[in-house]
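Everything below concerns the one structure shown next.
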Amino acid sequence: MASATVNWDPIDQTVLANEQVDSEGRSWRSGALVEKRKLRQWFLKITAYADQLLDDLPKLEGWPERVRTMQANWIGRSTGAELTFPVVDADGHDTAESITVFTTRPDTIFGASYVVLAPEHPLVARLTTADQAIHVEAFCDLVSRQSELERTADDKPKRGVAIGAQVRNPANGELIPLWIADYVLAEYGTGAVMGVPAHDQRDFVFARQYELPVRQVIIPEGSDEHAYEGGAWTEAGVLIHSGRFDGLPSVEAKTAITAAAEAEGWGQGKVQFRLRDWLISRQRYWGCPIPVIHCDSCGVVPVPVEQLPVELPRDVAFSGKGGSPLAQLESWWRVDCPCCGQPARRETDTMDTFMCSSWYFLRYSDPHNTALPFTREAVDSWLPVDQYVGGIEHAILHLLYSRFFTKVLRDRGLLSFDEPFQHLLTQGMVQGITYKNSHTGKYIAPADVADPSDPRDPVTGDPLETFYEKMSKSKYNGVDPAVVIDKYGADTARMFILFKAPPEKDLEWDDADVEGQFRFLQRLWRLVDGACQRGLSLADGAGDQAVVKQTLATAISSGGLNADEQDLRRAVHTAIKEISADLDGDYQFNTAVSELMKLSNAMASHLEGCSAPLACEALRTLVILLAPFAPHLAEELWLKLAGRSEQDPLVCRSVHCQAWPLLDAAALVRDTVELVIQVKGKVRGSLEVPADADKTTLEQLALASDIAAKWLEGKAPSRVIVVPGKLVNLVP
RNA sequence: GGGAGCGUGCCGGAAUUGGUAGACGGACUCGACUCAAAAUCGAGCGCCUUCGGGCAUGUGGGUUCGAGUCCCACCGCUCCCA
């Protein structure tokens, strides 16, 4: 528990963790502009795991690169040094006070021309001189009303004020002024920075504004001094004006100056993280109560194990006014201290919602256990999760917290793995069609748009902007899957969603495409219905592997398969191959559905020319391949084809209990293939050639072709590239 | 400003990882069926063309027999961090 400046959501009347405040300084839940407040709150020490959380990211090979990058940025490890600047009195003598700054550029210390404190820094009040007090107070007041974003954004002016005191640069003994400025934050590092205008852009802007000296101490290697017109020189280089470090490359100077500081007692190497401890206190009713009791004599006492869990009261009144309802329910919070028995007070803060979601997946391994959340045996046998699916919005909230919990539980010996999720799929969002009147700025509901091909404002008649955007009530662009399910059924809805876009991309919801998917399913029904009319049936295992194998054996002795049969078998086994690959590994459901469409198209043209066993193989395969995508229709078709008789009580004969079709690679082989003839890399035509022709044969065929005669004009090519089964490239 | 990713027909999107760009679907056009419409079926559908072909995957270069795919620079968009 610690006192800290926290993010306060004025709408929800609760505090928030840093991860829950977006880049505009707004609450992830309410959207309110977050305020800063000083409160005593509970934290989890996630910073103790900062190194591990960062260093283990490369292990997560099944995660999207960008999620790993986002986490790395969020943790934000920077290596540098803490350097101490003694505060001097009016006569220039060192006092007992000193300012410690954090910097990633100890190599630039000889260029420090001032030191800046955050306005909230505890030493500000004590060090401010009398003549500066009024300015300092006014400035601090101004800054307290600014958001973190306003204070630190690059394009915002940097403001500050000198507080009157001076410090001594420990590297060269120079006396430099002490300032406070809005761009220095109390929470980051030590809340103090050294100002090196020549080599830091913010310091440069600040120094120019307040006419502070700019002294260059690093120059580009092998070049003259850098002139300060554009701004600070922030790249690596060679040191100058740095005493005994002159001539040293800046990369080496970082270590050398840090070592000197350590030896002489004015600094030390330091690794700094952007990650802060996780603030978990919430002033809400809904949440798991933080299980501690506050006793005047014993202090903070954990609720004894036998009294856990602490349950929320049911007789609570929701006033809707500020603060937690629990704090207003004395009958709930008044308890006796478990240590001394004196009257004490139960903690009324509850835990952040992300606490529970950080380990819920572990509970799935042992859901009926009433004594423990899970046993080690159960959790180790089921976890880590093979494939996790979630939105990109969890990239640094839930997915970082869950990793942290897993590592803590591992260190407590409660489980044996380092990372909770092996593969991560960040699925896209459904976006609805959105109409906006750009003159009035108003959004128009699709139902009010009379003609979607020429959308106009029903009131003003203005032409409307049309685009797809994340669904939002205020934009009237929500889509209700229930409407589609009612009209077309769940199978159509599923097929549409899977086909329209790859899973990690946003999906533009378009009613016309839903209609198209519905047509495809109807086409499948007619295809199977037609087959049934012609007497085809899957009863007694017709069309399964063994039967087909026998048919093929017989066919070979009696002249082989006809053209329809060959084409159909190739289509069937291509579909098996492609759909199996699409479902395995990277989930490419959109191309899997398109393969189903191709198979259905091939069946429409070839089914009637095939013998019954091969037609049945195609029908059986189609329906089984369809089953994961359109489970209801697939079962109906299976029933219709008498794969399962209606009276058959055995559920195991359902299409969903059938073995996945096996690929017969021989079916993919063609007798002849189309050989593309290129001349100088350009396609000039193609030849029908035997599939098993060797390189020499292909070259000869290509050279003898009309295409070669026409384009080579009788000359022999200087080079011939042959890619068997694909192409021949003739280079004149 | 730093980082990550992306850029392909009218649209959503494919492309065995360097080998016929535009699969599959939507939209659109034409035809068949129909009194008519819907549905269904068939055909067409990147651009230009003197009908030989030429040009096309954001732009400009490069590597290669061959580049949507690899390399360099630039432009634009999205997200994350400032």
Side-chain angles (χ1 to χ4, degrees), chain A residues 18-19 22-23 64-76 78 148-149 151-156 183 185 188 200-202 205 230-232 234 274-275 391-393 395-396 426 428-429 431 433 452-453 466-468 470 495-502 504-520 522-523 526 574-575 577-578 581-582 588-602 604-605 668 673-687 710-711 717-732:
Chain A
N18 278 6
E19 289 81 3
D22 69 17
S23 60
E65 180 67 34
R66 67 179 188 132
V67 174
R68 291 189 285 169
T69 309
M70 281 162 70
Q71 291 212 352
N73 287 343
W74 186 261
I75 296 165
S78 47
E148 194 166 308
L149 185 80
R151 287 176 56 170
T152 56
D154 274 348
D155 51 351
K156 295 280 189 310
Y183 71 97
L185 303 175
Y188 184 74
D200 181 279
Q201 187 59 28
R202 282 188 195 177
V205 172
T234 56
R274 220 186 72 88
L275 183 71
I392 189 68
E393 69 274 14
I396 36 191
T426 52
M429 281 183 294
Q431 301 189 315
I433 192 159
S453 62
T466 308
F467 48 94
Y468 284 90
K470 179 182 172 183
M495 291 284 283
F496 160 71
I497 291 168
L498 294 174
F499 179 63
K500 177 80 180 175
E504 65 280 2
K505 278 197 76 161
D506 286 339
L507 181 154
E508 297 176 357
W509 190 281
D510 180 350
D511 290 340
D513 287 335
V514 178
E515 187 76 40
Q517 211 46 241
F518 185 57
R519 286 205 294 260
F520 172 58
Q522 285 179 305
R523 211 151 50 229
R526 285 196 300 271
T574 303
K577 180 170 176 246
E578 298 297 330
D582 287 341
Q588 300 181 51
F589 304 123
N590 55 332
T591 50
V593 173
S594 91
E595 290 299 332
L596 284 171
M597 291 171 169
K598 285 185 200 173
L599 177 56
S600 134
N601 290 345
S605 20
L668 303 177
V673 292
E674 190 187 10
L675 182 75
V676 170
I677 309 297
Q678 294 185 337
V679 177
K680 218 182 150 201
K682 283 197 191 299
V683 178
R684 295 302 180 189
S686 63
L687 299 175
K710 178 179 173 190
W711 288 92
S718 63
R719 198 172 161 189
V720 179
I721 288 103
V722 182
V723 183
K726 292 232 190 292
L727 58 82
V728 173
N729 187 7
L730 306 171
V731 186

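Residue numbering restarts at 1 for every chain, and letters A, B, ... go by the order of the sequence lines.
The shortest distance between the side-chain N/O atoms of A:K505 and the OP1/OP2 oxygens of B:G13 is below 4.0 Å. At the phosphate of B:C6, neither OP1 nor OP2 sits under 4.0 Å from any side-chain N or O atom of A:R66. Not one side-chain nitrogen or oxygen of A:Q588 sits closer than 4.0 Å to the OP1 or OP2 atom of B:U16. Dashed line: the shortest gap from a side-chain N or O of A:R719 to OP1 or OP2 of B:C65 is under 4.0 Å. Side-chain N/O atoms of A:R519 include one lying less than 4.0 angstrom from OP1 or OP2 on B:G26.
As rounded to the nearest Å, B:G19 and B:G68 have P atoms that lie 10 Å from one another. With C1' as the reference atom, B:A27 and B:A73 are 38 Å apart, rounded to whole Å. Rounded to a whole angstrom, the distance from the C1' atom of B:G46 to that of B:U40 is 29 Å. Only the C1' atoms considered, B:G9 is 11 Å distant from B:A21, to the nearest whole Å.
The distance from atom CG of A:L727 to atom P of B:G19 is 10 Å, rounded to the nearest whole Å. Put simply, CZ on A:R68 is 10 Å from P on B:G5, counting in whole angstrom units. Rounded to whole Å, atom P of B:G13 lies 10 Å from atom CG of A:D513. Taking atom CZ on A:F520 and atom P on B:A39, their separation rounds to 19 Å, with Å as the unit. Atoms CZ (A:R523) and P (B:U40) sit 8 Å apart, rounded to a whole Å. Between the P atom of B:G1 and the CZ atom of A:R202 lies a distance of 15 Å, rounded to the nearest Å.
Within 4.0 Å of A:E595, counting heavy atoms only, lies no atom of the nucleic acid at all. Residue A:K598 is classed as a sugar-phosphate contact, given heavy-atom separations below 4.0 Å to backbone atoms only. At a threshold of 4.0 angstrom between heavy atoms, the contacts of A:Q522 with the nucleic acid are absent. Contacts of A:N601 with the nucleic acid, taken as non-hydrogen atoms under 4.0 Å apart, involve only primed sugar atoms and P, OP1 or OP2. Residue contacts shown for A:P64 are absent, as no nucleic acid heavy atom lies under 4.0 Å away.
The glycosidic torsion of B:U64 lies more than 90° away from 0, which places this base in the anti conformation. Applying the 90° cutoff around 0 to the glycosidic angle, B:G60 is assigned anti. Against the 90° criterion about 0, the sugar-base torsion of B:G25 places it in the anti range.
Taking the ring centroids of A:F496 and A:W509, they lie under the 6.0 Å cut-off.
Looking at every heavy atom in both residues, A:K577 comes nearest to A:L668 through CD-CD1, 3.7 Å.
With hydrogens and angles disregarded, no donor-acceptor distance shorter than 3.5 Å links the side chain of A:Q588 to the backbone of A:P502. A:N590 places no side-chain N or O within donor-acceptor distance of the main-chain N or O of A:K500, the cut-off being under 3.5 Å.
Along RNA chain B, the nucleotide nearest A:I721 and the nucleotide nearest A:E515 are compared for position; the residue whose nucleotide lies closer to the 5' end is A:E515.
With hydrogens and angles ignored, a donor-acceptor pair closer than 3.5 Å exists between the side chain of A:N729 and the base of B:C65.
Residue A:N590 places its side chain closer to B:A14 than to any other of B:G2, B:A14, B:G12. Side-chain proximity of A:V676 to the nucleotides B:U20, B:A4, B:G12 is greatest for B:U20.
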